[in-house]
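One structure is given here, and the rest of the page talks about it.
Proteins come first, then strands; the chains are lettered A, B, ... in the order of their sequence lines, and each starts at number 1.
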Amino acid sequence: MDSRYFSDKVVEWYVRHKRDLPWRDTTDPYKVWLSEIILQQTRVKQGLPYYLDFIKMFPTVWDLASAPEQRVLRLWQGLGYYTRARNLHKCAKVIVSSFDGQFPKSYKELLELPGIGDYTAAAIASFSFKEPVAVVDGNVFRVLSRVFGIKAEINSPAGKRIFASLAEGLLNKEMPDSHNQALMEFGALNCIPKNPPCLTCHLRPHCYAAQEGLQSILPMKVKSKPPRSRYLYYLVVRRRKSLLMRKRNDRDIWHGLFDFYSIESFQPISRGSLQAKIRQALGENVRLDDVSISASYKHILTHQVIHARFVLITGKLDHSEDKNLKFYTFERINDLPKPVLITRFLSDHKSFYS
DNA sequence: AAACCGGGGTT
DNA sequence: AACCCAGGTTT
């Protein structure tokens, strides 16, 4: 199929079916950038309220750059992949301090900024500055693999190169913004992962997968390893109107977020050995007649399964060798950025902490 | 090249 | 319960 014909067909579909989304009303690179970072690995329905909150709280890149990182993380709470939020903040600071608040206009320069990779650089360059570069996101992988019958695996380095070069060849350089938007929107709404409506699709006559009935196996992927299990035993220590919280600063999950002191292992810990570890961590003055689990959550992530157990602790704390441990009042805890798991626990135990 | 990094949704 | 969505950085 001719490149131009393909592009025209998809854009034609886009004009009739596109969603009305706030970041499509503008070419302001700040808004385009913010929306693209939020929308990485995140569906529009989930990301939209966060986008609106961020624009309200930080209307310009200067507002975002001058905010404390904790406020940015707090606003990001619940979205996941928190390095996105830290890079968002870092990038805003770079834009203000090194670029006078103006985003660089080329794909190549955008690529140098923190948190901006191939996809996001191409999105900003084409949407805001009409640079003729092709975006290749999960939707584009899916549409191209099906329409052109590309069986290369979309998550292998070699496969990615194949799709990137195909996408570049297909790009309509006269209107890269509409072309890119159209291809992604078509993938998001019509050429969907499961049970796509091929029978009513206007690309059907030109689509390899639809003709061969292969839409369920395209795109191809190499499958990943099963996730590993982790066991987190959270010690919930209350002192009057305060809870002992800890800022996670190690190179691990939830970096920069607040949770409770925890004993962590890749295997479940027995009652007796947990009791010993608690004494070792908190000292002899902790009252430990029992280490009953007051709550238990299974938190399924892409690469790991977290088994979280919460143990309520009474008595006083002897040593706190961990400098990140500190008591925070209940009111203050609301402002701390926390993993969803902790938010869930606090919400389930309102009577305990308020 | 492979591993790591969270949330949520659908079947 | 099993599976799906998926871009950027680090190792």
task: Considering only atom P, compute the distance from B:dT11 to C:dA6 and round it to an integer number of Å.
output: 15 Å

Qualifying ring-ring contact (aromatic ring centres under 6.0 Å, His included) pairs, either residue in residues 103-124 of chain A, two or more places apart: A:W33-A:F103

- line: salt bridge (charged side-chain N to carboxylate O under 4.0 Å, His left out) filter on A:R309, not counting sequence neighbours, yields none

message: Just to be sure I understand the rule, does A:H255 reach a base, reach only the sugar-phosphate, or reach nothing, if contact means heavy atoms closer than 4.0 Å?
response: nothing

task: Indicate the ring-plane relationship of A:F58 and A:F54, choosing parallel, tilted or perpendicular according to the 30° and 60° boundaries.
output: tilted

- request: Any ring-ring contact (aromatic ring centres under 6.0 Å, His included) involving residues 158-193 of chain A? Give me the pairs, sequence neighbours left out, ordered by first then second residue.
  value: A:W13-A:F186, A:F141-A:F163

- prompt: What is the distance from atom CD1 of A:I37 to atom CG of A:L79, rounded to the nearest 0.5 Å?
  reply: 12.0 Å

Covered region of DNA chain B, 5' end to 3' end, by chain A [heavy atoms, under 4.0 Å]: B:dA1 to B:dG8

task: Name all residues meeting the ring pair (Phe, Tyr, Trp, His ring centres under 6.0 Å) criterion together with A:W23; count only those two or more places apart in sequence or in a different chain, and write none if there are none.
output: A:Y51

Side-chain (A:D100) to main-chain (A:Q102) donor-acceptor, under 3.5 angstrom: no

- prompt: Counting only non-hydrogen atoms, which of residues 332-341 of chain A are less than 4.0 Å from DNA chain B?
  reply: A:P339, A:V340

Sequence neighbours excluded - side-chain hydrogen bond (donor to acceptor under 3.5 Å, both in side chains) pairs with any residue from residues 64-83 of chain A: A:Q77-A:T343

- request: Anything under 30° is parallel, anything over 60° is perpendicular, the rest tilted; go ahead and classify A:F6 against A:F148.
  value: perpendicular

Contacts of A:S178 that satisfy side-chain hydrogen bond (donor to acceptor under 3.5 Å, both in side chains) - sequence neighbours left out: none

message: Running the 4.5 Å side-chain criterion over Ile, Leu, Val, Met, Phe, Trp and Tyr, what cluster does A:V11 land in, apart from itself?
response: A:V15, A:M175

- request: Please measure how far the P atom in C:dG8 lies from the corresponding atom in B:dG8, and state the result in whole Å.
  value: 22 Å

statement: When A:P219 and A:K90 are each assigned the nearest nucleotide of DNA chain C, the 5'-most assignment goes to A:P219

query: How would you list, by chain and number, every residue that makes a side-chain hydrogen bond (donor to acceptor under 3.5 Å, both in side chains) with A:S35, sequence neighbours excluded?
result: none

- prompt: For DNA chain C, which residues in residues 149-171 of chain A have a heavy atom at a distance below 4.0 Å?
  reply: none

- prompt: Which sits closer to the 5' end of DNA chain B, A:K45 or A:D252, going by the nucleotide each is nearest to?
  reply: A:D252

- prompt: Would you find more than 12 non-hydrogen atoms of other residues, nucleotides or ligands less than 6.0 Å from A:E168 atom CD?
  reply: no

Shorter than 3.5 Å, N or O on both sides, protein versus nucleotides 6-9 of chain C: list them out with atom names.
{"from": "C:dA6", "atom 1": "OP2", "to": "A:R142", "atom 2": "NH1", "distance (Å)": "3.3"}
{"from": "C:dA6", "atom 1": "N1", "to": "A:Y81", "atom 2": "OH", "distance (Å)": "3.4"}
{"from": "C:dG7", "atom 1": "OP1", "to": "A:G138", "atom 2": "N", "distance (Å)": "2.6"}
{"from": "C:dG7", "atom 1": "O4'", "to": "A:Q41", "atom 2": "OE1", "distance (Å)": "3.1"}
{"from": "C:dG7", "atom 1": "N2", "to": "A:Q41", "atom 2": "NE2", "distance (Å)": "3.3"}
{"from": "C:dG7", "atom 1": "N3", "to": "A:Q41", "atom 2": "NE2", "distance (Å)": "3.2"}
{"from": "C:dG8", "atom 1": "OP1", "to": "A:G117", "atom 2": "N", "distance (Å)": "2.9"}
{"from": "C:dG8", "atom 1": "OP1", "to": "A:G117", "atom 2": "O", "distance (Å)": "3.3"}
{"from": "C:dG8", "atom 1": "OP1", "to": "A:T120", "atom 2": "N", "distance (Å)": "2.9"}
{"from": "C:dG8", "atom 1": "OP1", "to": "A:T120", "atom 2": "OG1", "distance (Å)": "2.7"}
{"from": "C:dG8", "atom 1": "OP2", "to": "A:D118", "atom 2": "N", "distance (Å)": "3.3"}
{"from": "C:dG8", "atom 1": "OP2", "to": "A:Y119", "atom 2": "N", "distance (Å)": "3.2"}
{"from": "C:dT9", "atom 1": "OP1", "to": "A:G115", "atom 2": "N", "distance (Å)": "2.6"}

statement: A:I217 atom CD1 is separated from C:dC4 atom P, nearest whole Å, by 14 Å

